[in-house]
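Presented below is the structure to which this report refers.
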Amino acid sequence: MRPSILVTLAAASIATGSAASAQDTTFVAIGTGGVTGVYYPAGGAICRLVNQGRSEHGIRCGVESTGGSIFNLNALRDQELEMGIVQTDWQYHAYNGTSDFEDDAFEGLRAVFSLHPEPFTVVARADADISSFDDLEGKRVNVGNPGSGQRATMEVVMEAMGWTMDDFGVVSELQAGEQAQALCDNNIDAMVYTVGHPSGAIEEATTACDTVIVPVDNEAVAGLVGDNPYYREATIPGGMYRGTDEDVLTFGVGASFVTADFVDEETVYQVTKAVMDNLDDFRELHPALEMLVREEMVRDGISAPLHPGAERYYEEEGLLED
Ligand code: GLU
């Protein structure tokens, strides 16, 4: 049972018009995140390009809305998903057996390519008197659902600051897609989301009521960025969302597309090829994907070994020579 999966498109009935027969169909389920994040539409964009070529390769790709990065990594390890989108910090920790994966390294994790940047994004009610991350002390904060990347990364930030959950007035664990409404219903003062921009969830939180995007740039965060290869400084552009006209400084990770060693080479090759051969179309399918560059997708934010199917495609295209 996968209780946190909200939508399962992979279970759609087998198309009758396809040239590949049901017996020849290879199913690929991609684990994403909440429907108002970027993973879900990005996964949908990948599947759309893959499914366009179904009559040639026989792959039927479907996206699943999930609880996020940590959920996806665990489901991939349990072979409940064939592919997933995960934060680069958690790709690193899962493969290397560090942080939350200390007792349980995921050695079969394989990288395919990296995707968009994901700034650690804090949105607060305009009336909550919060102008920096430190002001969250004593406030009602949604720290994210267990299984989400933002919850796991939030815990890292809290530890670096010497905070525990008791430092907040009230702690909630709502799913990413539920946070904006809770904020605007005045049930929480602030929400946290590691997400690409623009995203539906942050648009909702900044248009449905008066809110501000809060900088996350204290000394503890500077230490995290300095000490760890998967964190970097990040900026949320001013003017992108209502209520925040100036650039907001925070830190961030990347989103990455991953699979596992149990998935066969040909399948991963075909999925990689479908996206990379049609990268212009892919970039147009969501504004957060607009800036993707082929060479960077193959190189940046990859800490697990490349899957041999992805490697074959990159070698053919000469993308692995520096
Ligand atoms: N970074 C979030 C997570 O790992 C998901 C963001 C999204 O859905 O776009 O849970």
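One is the number of the first residue; the rest follow in order along the sequence.
Other residues, nucleotides and ligands contribute over 12 non-hydrogen atoms within 6.0 Å of the CD atom of Glu173. Heavy atoms of other residues, nucleotides or ligands lying less than 6.0 angstrom from CD of Glu159 number 12 at most. Atom CD of Glu107 has 12 or fewer neighbouring heavy atoms from other residues, nucleotides or ligands inside a 6.0 Å radius. Counting non-hydrogen atoms of neighbouring residues, nucleotides and ligands closer than 6.0 angstrom, the CD atom of Gln181 reaches no more than 12 such neighbours. Sparse packing is recorded around CG of Asp129, with 12 or fewer heavy atoms of other residues, nucleotides or ligands lying under 6.0 Å away.
The only member of Phe101, Phe106, Tyr95 that meets side-chain contact (heavy atoms from CB on, under 4.5 Å) when paired with Trp90 is Phe101. The residue from Ile30, Ile85, Asn72 that alone fulfils the side-chain contact (heavy atoms from CB on, under 4.5 Å) condition with Thr66 is Asn72.
In this structure, Arg125 does not pair ionically with Asp189, as no charged nitrogen and carboxylate oxygen lie closer than 4.0 Å. Between Glu317 and Arg294 there is a salt bridge, since at least one side-chain N of the basic residue sits less than 4.0 Å from a carboxylate O of the acidic one. Here Arg312 pairs with Glu266 in a salt bridge; the nearest charged N to carboxylate O distance falls below 4.0 Å. With respect to the salt-bridge test (charged N to carboxylate O, under 4.0 angstrom), the residues Glu295 and Arg299 do not qualify.
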Practice problem: Evaluate the criterion salt bridge (Lys or Arg N to Asp or Glu O under 4.0 Å) for residue pair Arg48 and Asp281; output intermediate values, then yes/no. | Solution: CA-CA 10 Å; Arg48 188 168 157 173; Asp281 296 336; over 6 Å; no

Practice problem: Start with the C-alpha gap between Thr153 and Asp89, add the side-chain angles, then the distance that decides, and say whether side chain to side chain donor-acceptor pair (under 3.5 Å) holds. | Solution: CA-CA 8 Å; Thr153 302; Asp89 49 347; 2.8 Å; yes

Quiz prompt | Verdict with reasoning, Leu76 to Leu109, per side-chain contact (heavy atoms from CB on, under 4.5 Å) | solution = CA-CA 8 Å; Leu76 198 54; Leu109 180 63; 3.9 Å; yes

Quiz item: Given the rule in the side-chain contact (heavy atoms from CB on, under 4.5 Å) test, do Val258 and Arg110 qualify, once you have shown the distances and angles that lead to the verdict?
Solution: CA-CA 6 Å; Val258 296; Arg110 294 292 177 266; over 6 Å; no

Quiz item: Gln91 and Ser256: side chain to side chain donor-acceptor pair (under 3.5 Å), yes or no, with the steps?
Solution: CA-CA 8 Å; Gln91 180 196 146; Ser256 61; 2.9 Å; yes

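Side-chain polar atoms of Asp277 and Tyr313 form a donor-acceptor pair below 3.5 angstrom. Using modelled atom types and a 3.5 Å distance limit, the side chains of Ser172 and Asn187 yield no donor-acceptor pair. Counting only N and O atoms by type, the side chains of Asn186 and Arg140 include a donor and acceptor under 3.5 Å apart. When only modelled atom types and interatomic distance are considered, Thr98 and His93 share a side-chain donor-acceptor pair under 3.5 Å. Looking only at atom types and distance, the side chain of Tyr39 has no donor-acceptor partner in the side chain of Gln87 under 3.5 Å away.
Residues Val35 and Met191 do not share a hydrophobic cluster, defined by chaining ILVMFWY side chains whose heavy atoms lie under 4.5 Å apart. Taken together through direct or relayed side-chain contacts under 4.5 Å among Ile, Leu, Val, Met, Phe, Trp and Tyr, Val268 and Leu115 form part of one hydrophobic cluster. Residues Leu289 and Ile302 fall within the same hydrophobic cluster, defined by Ile, Leu, Val, Met, Phe, Trp and Tyr side chains chained together at heavy-atom separations under 4.5 Å. The hydrophobic cluster containing Met158 also contains Ile70, counting ILVMFWY residues as joined when their side-chain heavy atoms lie under 4.5 angstrom apart, directly or transitively. By the criterion of side-chain heavy atoms lying less than 4.5 angstrom apart, applied directly or through intervening Ile, Leu, Val, Met, Phe, Trp or Tyr residues, Val143 is not grouped with Val195; the two fall into different hydrophobic clusters.
Remark: the backbone N or O of Glu82 is paired with a side-chain donor or acceptor of Thr259 at under 3.5 angstrom. Looking only at distances, no side-chain donor or acceptor of Asp24 sits under 3.5 Å from a matching main-chain atom of Gly58. Proximity of a side-chain donor or acceptor of Glu178 to a complementary backbone N or O of Gln175 within less than 3.5 Å is detected. Formation of a donor-acceptor pair under 3.5 Å by the Arg283 side chain with backbone atoms of Met291 is not found in this model. Under a 3.5 Å cut-off, the side chain of Lys139 and the backbone N or O of Ala128 do form a donor-acceptor pair. Looking at Thr250, its side chain does come within 3.5 Å of a backbone N or O of Phe120 through a donor-acceptor pair. Panel note: side chain Gln179, backbone Val192; a donor-acceptor pair is recorded below 3.5 Å.
From Phe71, atom CZ reaches atom OG of Ser148 across 12.0 Å, with rounding to the nearest 0.5 Å. Interatomic distance, Glu246 CD to Ile213 CD1, rounded to the nearest 0.5 Å: 12.5 Å. One distance of note links CG of Asn74 with CZ of Arg77; it measures 5.5 Å at 0.5 Å rounding.
Among pairs with a residue in residues 126-164, none fulfils disulfide (SG to SG under 2.5 Å), at least two apart in sequence or across chains. Residue pairs that meet the disulfide (SG to SG under 2.5 Å) test with at least one member in residues 276-318, sequence neighbours left out, do not exist here. A disulfide (SG to SG under 2.5 Å) check over residues 219-275, counting only residues at least two apart or in different chains, returns nothing. Each side chain to side chain donor-acceptor pair (under 3.5 Å) pair with one or both residues in residues 213-227, not counting sequence neighbours, appears once here: Asp134-Asn218. Sorted by first and then second residue, the pairs that involve residues 132-174 and meet ring-ring contact (aromatic ring centres under 6.0 Å, His included), not counting sequence neighbours, are Phe133-Trp163, Trp163-Phe168.
Remark: Asp261 engages no residue in a side chain to side chain donor-acceptor pair (under 3.5 Å) (not counting sequence neighbours). Listed by chain and residue number, Met276, Tyr314, Leu319, Leu320 satisfy the side-chain contact (heavy atoms from CB on, under 4.5 Å) test with Val298 (two or more places apart in sequence, or in another chain). Asp264 pairs by the side chain to side chain donor-acceptor pair (under 3.5 Å) definition with Thr267, not counting sequence neighbours. Taking Asp135 as the reference, Ser131 meet the side chain to side chain donor-acceptor pair (under 3.5 Å) condition, with sequence neighbours excluded. Under the side chain to side chain donor-acceptor pair (under 3.5 Å) criterion, Asp247 pairs with no residue at all, not counting sequence neighbours.
Between Arg151 and Asn145, the closest heavy-atom pair is CB-O, 3.3 Å. In terms of heavy-atom proximity, Pro198 sits nearest to Glu203 at CB-OE2, 3.6 Å. Between Gly34 and Ser65, the shortest heavy-atom distance links the atoms CA-OG, 3.9 Å.
Inter-residue side-chain proximity for His286 and Val38 is flagged as met; some heavy-atom pair is nearer than 4.5 Å.
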Please set out all donor-acceptor pairs under 3.5 angstrom arising from side-chain atoms of residues 233-242, sequence neighbours excluded.
unit_1	atom_1	unit_2	atom_2	d
Tyr241	OH	His197	ND1	2.6
Tyr241	OH	Ser199	N	3.0
Arg242	NE	Thr206	O	3.0
Arg242	NH1	Asp210	OD1	3.3
Arg242	NH2	Cys209	O	3.0
Arg242	NH2	Asp210	OD1	2.8

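Residue Val170 belongs to no hydrophobic cluster, having no ILVMFWY side-chain heavy atom closer than 4.5 Å to its own.
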